[in-house]
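In this chain, numbering begins with 1 at the start of the sequence shown. Order of listing sets the numbers, starting from 1, for every ligand and every atom in it.
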Amino acid sequence: MLENLTQQPPDKIIMLSGMFRADERPEKIDLGVGVYKDANGNTPIMRAVKKAEQLLWDAETTKSYTALIGDGGFHKVMADLVLGDTVAAERLSFAHAPGGTGAIRQILELIKVASPHATIWMSDPTWPNHPAMVKGVGIPMKTYAYLDDETRTVDFAGMMADLGQVNAGDVVILHGCCHNPTGANLNQTQWQQVADLLLERGAIPFVDIAYQGFGDGLVADAYGVRLLAQKFPELLISASCSKNFGIYRERCGLVIAVSKDAAGSALTQGMLSSLNRLNFSFPPDHGARLVTMVLNDPELRADWEAELEEVRNSMLGLRQKLADALRTETGSDRYGFIAEHRGMFSRLGLSEEQVAKLREDHAIYMIGDSRFNVAGLSDKVIPILAKAIVAVGG
Ligand code: PLP
């Protein structure tokens with residue numbers, strides 16, 4: 001049986017990490033996988049998370065199963081974090097899943113059973129796991145224009161033209177903030193226009209929010225998702241705690257579904273619960289418990305928010321320094337967009353060949369589409385990278 005399997009293409013990001021590990025050049029620089037790193041290249045456990053772990057170690061008395069959809073306390077703090085008070089609690093249903101990725105998978109399966117003929121729309125480009133998972137679940141997909149290659153800002157006219165083709169009942173994936181891989185984001189006016197257009201088309205928005213707090217701040221980054229929550233009868237949300245709580249390996253993500261009313265929400269809740277049972281039964285608990293403790297304890301929460309701000313500001317500072325270094329090296333402002341973008345990533349706009357040369361000649365690793373991890377930069381790395389970009393003809 002197993003010999004009938006076909007070779008699967010390796011995940012490009014994970015393959016790149018393997019290549020980086022195997023590279024023996026001591027000066028190698030990793031700008032690939034999307035993990036936050038501090039100035040020393042470490043991915044620290046956030047202070048409040050560590051403190052919560054210590055408290056949990058003392059307080060936890062059992063490792064028995066939780067609930068199929070995870071803990072209600074976790075749902076509540078996350079609904080507050082993502083949605084504020086924009087939606088009545090009776091319209092919400094939840095499923096705690098292994099990571100944002102797990103939450104996306106559960107939402108796709110929910111769509112598949114609720115609306116077998118829907119098409120899912122996603123930005124071109126998007127996080128490569130979006131199309132891969134939609135294909136895996138077997139849902140038809142289409143893309144909408146997103147990036148203007150010249151200005152490296154959102155191609156808003158192209159996006160609106162494509163979204164104008166969406167049919168009633170189709171689902172449209174939107175990045176809540178910090179668009180991966182482009183770093184280019186909608187402003188508030190554009191969010192309003194997208195919301196109005198999708199409402200008019202009868203579409204259902206699906207917001208993937210994996211970097212809340214990494215862009216313009218916790219509340220500002222939730223602007224889009226909260227706006228949609230206020231306007232739409234139905235909304236699907238996958239929220240990841242991997243990045244903003246730094247708990248990548250704890251696999252902590254949440255499905256938040258907004259239904260028309262309490263009856264719709266009860267139905268959705270039943271299906272989400274069943275999907276968890278079928279796919280993995282009970283979700284991993286540790287990360288969710290830490291998030292709940294941090295968000296519920298005023299002292300821990302204040303410290304977490306302060307550290308998240310440090311992380312956010314450090315990435316903004318690194319963006320500005322790289323843009324400045326590239327202005328000096330190129331004598332032009334063509335990389336000025338790096339300072340304007342938000343989140344962990346930007347795409348430089350280099351060709352696959354130039355990216356390969358960066359890796360081969362300069363031991364600098366980034367994704368083939370020239371997406372780089374801002375958090376991989378440092379005062380030491382920035383001048384080296386700026387010179388290398390120019391050396392490969394960028
Ligand atoms: N969505 C986007 C856009 C992402 O970039 C990521 C992680 O890279 C995720 C979701 C899911 O992250 P995780 O499954 O690690 O929580």
Table please: side-chain donor-acceptor pairs of residues 360-368 below 3.5 Å, with sequence neighbours left out.
from: D361; atom 1: OD2; to: K357; atom 2: NZ; distance (Å): 3.2
from: Y365; atom 1: OH; to: D23; atom 2: OD2; distance (Å): 2.6

In a table with atom names and distances, give each donor-acceptor pair under 3.5 Å that connects a side chain of residues 56-69 to protein atoms at least two apart or in another chain.
from: E60; atom 1: OE1; to: K63; atom 2: NZ; distance (Å): 2.7
from: T62; atom 1: OG1; to: S64; atom 2: N; distance (Å): 3.0

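Partners of A288 under the side-chain contact (heavy atoms from CB on, under 4.5 Å) rule, at least two apart in sequence or in another chain, are F74, H96, C252.
Using a 4.5 Å cut-off on side-chain heavy atoms (C-beta onward), L174 and L198 make contact.
Below 30°, between 30° and 60°, or above 60°: for H130 and W127 the angle between ring planes is above 60°, a perpendicular geometry.
Between D170 and K142 there is no salt bridge, since no side-chain N of the basic residue sits under 4.0 Å from a carboxylate O of the acidic one.
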Ligand 1 polar-atom proximity to protein (N/O, under 3.5 Å):
from: ligand 1; atom 1: 1 (N); to: D208; atom 2: OD1; distance (Å): 3.3
from: ligand 1; atom 1: 1 (N); to: D208; atom 2: OD2; distance (Å): 2.6
from: ligand 1; atom 1: 5 (O); to: N180; atom 2: ND2; distance (Å): 2.7
from: ligand 1; atom 1: 5 (O); to: Y211; atom 2: OH; distance (Å): 2.7
from: ligand 1; atom 1: 8 (O); to: Y211; atom 2: OH; distance (Å): 3.4
from: ligand 1; atom 1: 8 (O); to: K243; atom 2: NZ; distance (Å): 3.0
from: ligand 1; atom 1: 14 (O); to: G100; atom 2: N; distance (Å): 3.3
from: ligand 1; atom 1: 14 (O); to: T101; atom 2: N; distance (Å): 2.9
from: ligand 1; atom 1: 14 (O); to: T101; atom 2: OG1; distance (Å): 2.5
from: ligand 1; atom 1: 14 (O); to: R251; atom 2: NH2; distance (Å): 2.7
from: ligand 1; atom 1: 15 (O); to: S242; atom 2: OG; distance (Å): 3.1
from: ligand 1; atom 1: 15 (O); to: R251; atom 2: NH1; distance (Å): 3.1
from: ligand 1; atom 1: 16 (O); to: G100; atom 2: N; distance (Å): 2.7
from: ligand 1; atom 1: 16 (O); to: S240; atom 2: OG; distance (Å): 2.7
from: ligand 1; atom 1: 16 (O); to: S242; atom 2: OG; distance (Å): 2.6

